[in-house]
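Chain letters run A, B, ... following the sequence lines, proteins first and then strands; every chain starts at 1.
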There are 2 protein chains.
Amino acid sequence: MLSKNEEDYLKELFHLTTGEESDNAGTGQLADKLAVTPASANNMLKKLKEKGLVGYQKYGKSTLTEAGRAAALQLIRKHRLWETFLYETLDFSWDEVHEVAEQLEHIRSEKLIEKLDKFLDYPEFDPHGDPIPDAQGNMAPRKKLTLAEIPVGQACRIIGVRDSSALFLQYISELGLSLKSEITVLEKIAFDNSLRILSEGREIQVSEKFSLHVFVR
Amino acid sequence: MLSKNEEDYLKELFHLTTGEESDNAGTGQLADKLAVTPASANNMLKKLKEKGLVGYQKYGKSTLTEAGRAAALQLIRKHRLWETFLYETLDFSWDEVHEVAEQLEHIRSEKLIEKLDKFLDYPEFDPHGDPIPDAQGNMAPRKKLTLAEIPVGQACRIIGVRDSSALFLQYISELGLSLKSEITVLEKIAFDNSLRILSEGREIQVSEKFSLHVFVR
DNA sequence: TAGGGTATTTAGACAAGACTAACTTTTATG
DNA sequence: CATAAAAGTTAGTCTTGTCTAAATACCCTA
Ligand SMILES: [Mn+2]
Ligand SMILES: [Mn+2]
Ligand SMILES: [Mn+2]
Ligand SMILES: [Mn+2]
């Protein structure tokens, strides 16, 4: 039985080692993400290695074992199902769901998560467009196309975001955009790759950085 | 900010001091309920006294202060709303909801509980017939009439149960009875006050003890 | 009213996780 | 390649909450 903290470490390790960047993570990198000192992360890594969930060696980078990966995926499944519930059923906004799901994901009940999945009608993606792993830990690949890659004149629809920080999510909400918003690219400014886009009749100017954080279809 | 454990102690203290029995509780009595040693309960009582939530004196009985009572009621509100959600929305059975609600009640989010209350359409009673306190901590009085008091020939409807132990709830489920079941008392056996009752066409024999645990209207 | 039994409290230890400060290893740089 | 900076580790301490064992207080009854 994993503790809440052990679960959070595994989940973060999963995110750090599953991106395009790298398939392993340093102690300090992990510590940063969890807002903890490197000493604390080091301590936990040793414990998780003992439990066979993490590949760790002194002064080396860490990885998840198969067992660790499976545990992380179960947590991610719960996190994203709860986010979906908060967004779809309780009318939370895009940027509010993460914090609460961070707590709800640790509730221990097989039955609860099965019933929730069924109640939500087996959703495939969470409110940020991230895929929800199934009970066996299978997860659809993340969509990769960003707003930055859409040619001028083309219309597209938001299906996700690259990061779920409250700062970014609040900004995108303020722009009047959200999941499923339809966007047309009006002009790409060659100087800095910023975009003029059209959504629901309103014209908006966004930076290249912004456009790289928005996934579209 | 109260910890999960502090919350559980306050809630149990509320239950022990709000029944008809007594308005205070001994250290060992509290320890029993929380499945903890008297030494642990003693330790916590001193801490809660420091925080102004509990009235405690060495070798004396303990009580809740007004602040402690208010905190306990908020927790009970969350517990019973979650039980209602599990029962009504996710189709949990009568005897399964308590254990999961015991975890869910500790999720910290004002907004969550408001939205849940609204989603459930502001329920007044939980699946066990217990009243749900409102956001200000006001709680309707518990119904008092038990099955044991119903005269022979009279029909009634189950509105709650005296205790929510899994043992009792499973038994009542096995009998085919649940919240809102209609019951007619066919005969009261004078020897031991056991009852023959009729529900949905089936005849059932129940003990006096059982009948004292079922609240009806 | 003096024991004796029961309830309560204290003392000391342990586990999980966190922190700071000091130390070691690795890596990058001139 | 030498050395300084960065990254990682260790040691020791703290907090929360638990336990066991031993000491104390309370209370009931002979
Ligand atoms: Mn979490
Ligand atoms: Mn998400
Ligand atoms: Mn609880
Ligand atoms: Mn209940």
Side-chain angles (χ1 to χ4, degrees), chain A residues 1-14 16-17 21-64 68 71-72 75 102-103 105-108, chain B residues 1-14 16-17 21-64 68 71-72 75 102-103 105-108:
Chain A
M1 187 103 308
L2 298 175
S3 73
K4 173 198 174 292
N5 287 330
E6 290 172 327
E7 288 184 335
D8 281 334
Y9 272 95
L10 289 177
K11 179 158 63 96
E12 203 50 60
L13 214 35
F14 180 93
L16 285 172
T17 60
E21 306 286 310
S22 162
D23 65 343
N24 57 39
T27 304
Q29 198 183 359
L30 179 59
D32 279 354
K33 289 284 186 180
L34 290 160
V36 120
T37 61
S40 301
N42 180 260
N43 192 47
M44 184 61 92
L45 283 170
K46 290 195 285 189
K47 198 201 312 182
L48 292 174
K49 180 200 168 86
E50 277 317 297
K51 295 199 177 190
L53 298 165
V54 162
Y56 163 80
Q57 299 183 153
K58 251 193 195 184
Y59 297 104
K61 305 280 186 180
S62 298
T63 56
L64 283 179
L75 194 65
E102 200 57 47
Q103 300 176 59
E105 68 190 358
H106 302 289
I107 301 292
R108 269 170 242 287
Chain B
M1 188 107 306
L2 298 175
S3 73
K4 173 198 173 294
N5 287 333
E6 289 172 328
E7 287 184 335
D8 280 334
Y9 273 94
L10 289 178
K11 178 157 65 95
E12 202 51 60
L13 214 36
F14 180 92
L16 285 173
T17 59
E21 306 287 309
S22 162
D23 66 343
N24 57 40
T27 304
Q29 197 184 359
L30 179 59
D32 279 353
K33 289 284 186 180
L34 290 160
V36 119
T37 61
S40 301
N42 180 259
N43 192 47
M44 184 60 92
L45 283 170
K46 288 195 284 190
K47 198 203 309 182
L48 292 173
K49 181 201 168 86
E50 276 318 296
K51 296 199 176 190
L53 298 166
V54 160
Y56 163 79
Q57 300 183 153
K58 250 193 195 182
Y59 296 104
K61 305 282 184 178
S62 298
T63 56
L64 284 179
L75 194 66
E102 199 57 47
Q103 300 176 60
E105 68 189 359
H106 302 288
I107 303 292
R108 265 171 245 286

Between [X] ([atom1]) and [N] ([atom2]), how many Å, whole number?
X: A/N24; N: D/dG8; atom1: CG; atom2: P; answer: 11 Å
X: B/Y56; N: C/dA7; atom1: OH; atom2: C1'; answer: 11 Å
X: B/D32; N: C/dT8; atom1: CG; atom2: P; answer: 10 Å
X: B/L30; N: C/dT9; atom1: CG; atom2: P; answer: 11 Å
X: B/Q29; N: C/dT8; atom1: CD; atom2: C1'; answer: 13 Å
X: A/M44; N: C/dA18; atom1: CE; atom2: C1'; answer: 10 Å
X: B/L2; N: D/dT16; atom1: CG; atom2: C1'; answer: 14 Å
X: A/K61; N: C/dT26; atom1: NZ; atom2: P; answer: 13 Å

Give, for atom [atom1] of [X] and atom [atom2] of [Y], the distance between the pair rounded to the nearest 0.5 Å.
X: A/L64; Y: A/L48; atom1: CG; atom2: CG; answer: 9.0 Å
X: B/E102; Y: B/D8; atom1: CD; atom2: CG; answer: 5.0 Å
X: B/L16; Y: B/K11; atom1: CG; atom2: NZ; answer: 11.5 Å

Practice task
Under the side-chain hydrogen bond (donor to acceptor under 3.5 Å, both in side chains) rule, collect the residues that match up with B/K51, sequence neighbours excluded.
Solution key: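 Here the qualifying residues are B/E6.
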Exercise for the section: Could I get the full list of side-chain hydrogen bond (donor to acceptor under 3.5 Å, both in side chains) partners for A/N5, not counting sequence neighbours? Expected result: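 Not a single residue meets the side-chain hydrogen bond (donor to acceptor under 3.5 Å, both in side chains) criterion with A/N5.
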Practice task
List the steps and the verdict of side-chain contact (heavy atoms from CB on, under 4.5 Å) for A/V36 and A/Y9.
Solution key: CA-CA 11 Å; A/V36 120; A/Y9 272 95; 3.5 Å; yes
Report, one pair per line, the protein and nucleotides 25-29 of chain D atoms (nitrogen or oxygen only) whose separation is under 3.5 Å.
residue	atom	partner	partner atom	Å
D/dA25	O4'	B/Y59	OH	3.3

Donor-acceptor contacts under 3.5 Å from residues 25-32 of chain B side chains, at least two apart:
residue	atom	partner	partner atom	Å
B/Q29	OE1	B/G26	N	3.1

Practice task
Determine, step by step, whether B/H106 and B/L75 satisfy the side-chain contact (heavy atoms from CB on, under 4.5 Å) criterion, reporting the C-alpha distance in whole Å, the side-chain angles of both residues, the deciding distance to 0.1 Å, and the verdict.
Solution key: CA-CA 8 Å; B/H106 302 288; B/L75 194 66; 4.1 Å; yes
Problem - N/O (side chain, B/Y9) to phosphate O (OP1/OP2, D/dT16) under 4.0 Å - result: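 False: B/Y9 side-chain N/O out of range (4.0 Å or more) of D/dT16 OP1/OP2.
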Practice task
Would you please name every residue forming a side chain to side chain contact (heavy atoms under 4.5 Å, CB included) with B/K49, sequence neighbours left out?
Solution key: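 Only B/Y56 meet the side chain to side chain contact (heavy atoms under 4.5 Å, CB included) criterion with B/K49.
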Exercise for the section: Residues of residues 35-43 of chain A with any non-hydrogen atom less than 4.0 angstrom from an atom of DNA chain D: list those, numerically ordered, please. Expected result: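 Within this stretch, A/P38, A/A39, A/N42 sit under 4.0 Å of the strand.
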Practice task
Would you mind classifying the nucleic acid contact of A/K46 as base, sugar-phosphate or nothing, using non-hydrogen atoms under 4.0 angstrom?
Solution key: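 Counting heavy atoms under 4.0 Å across all strands, the contact made by A/K46 is with sugar-phosphate only.
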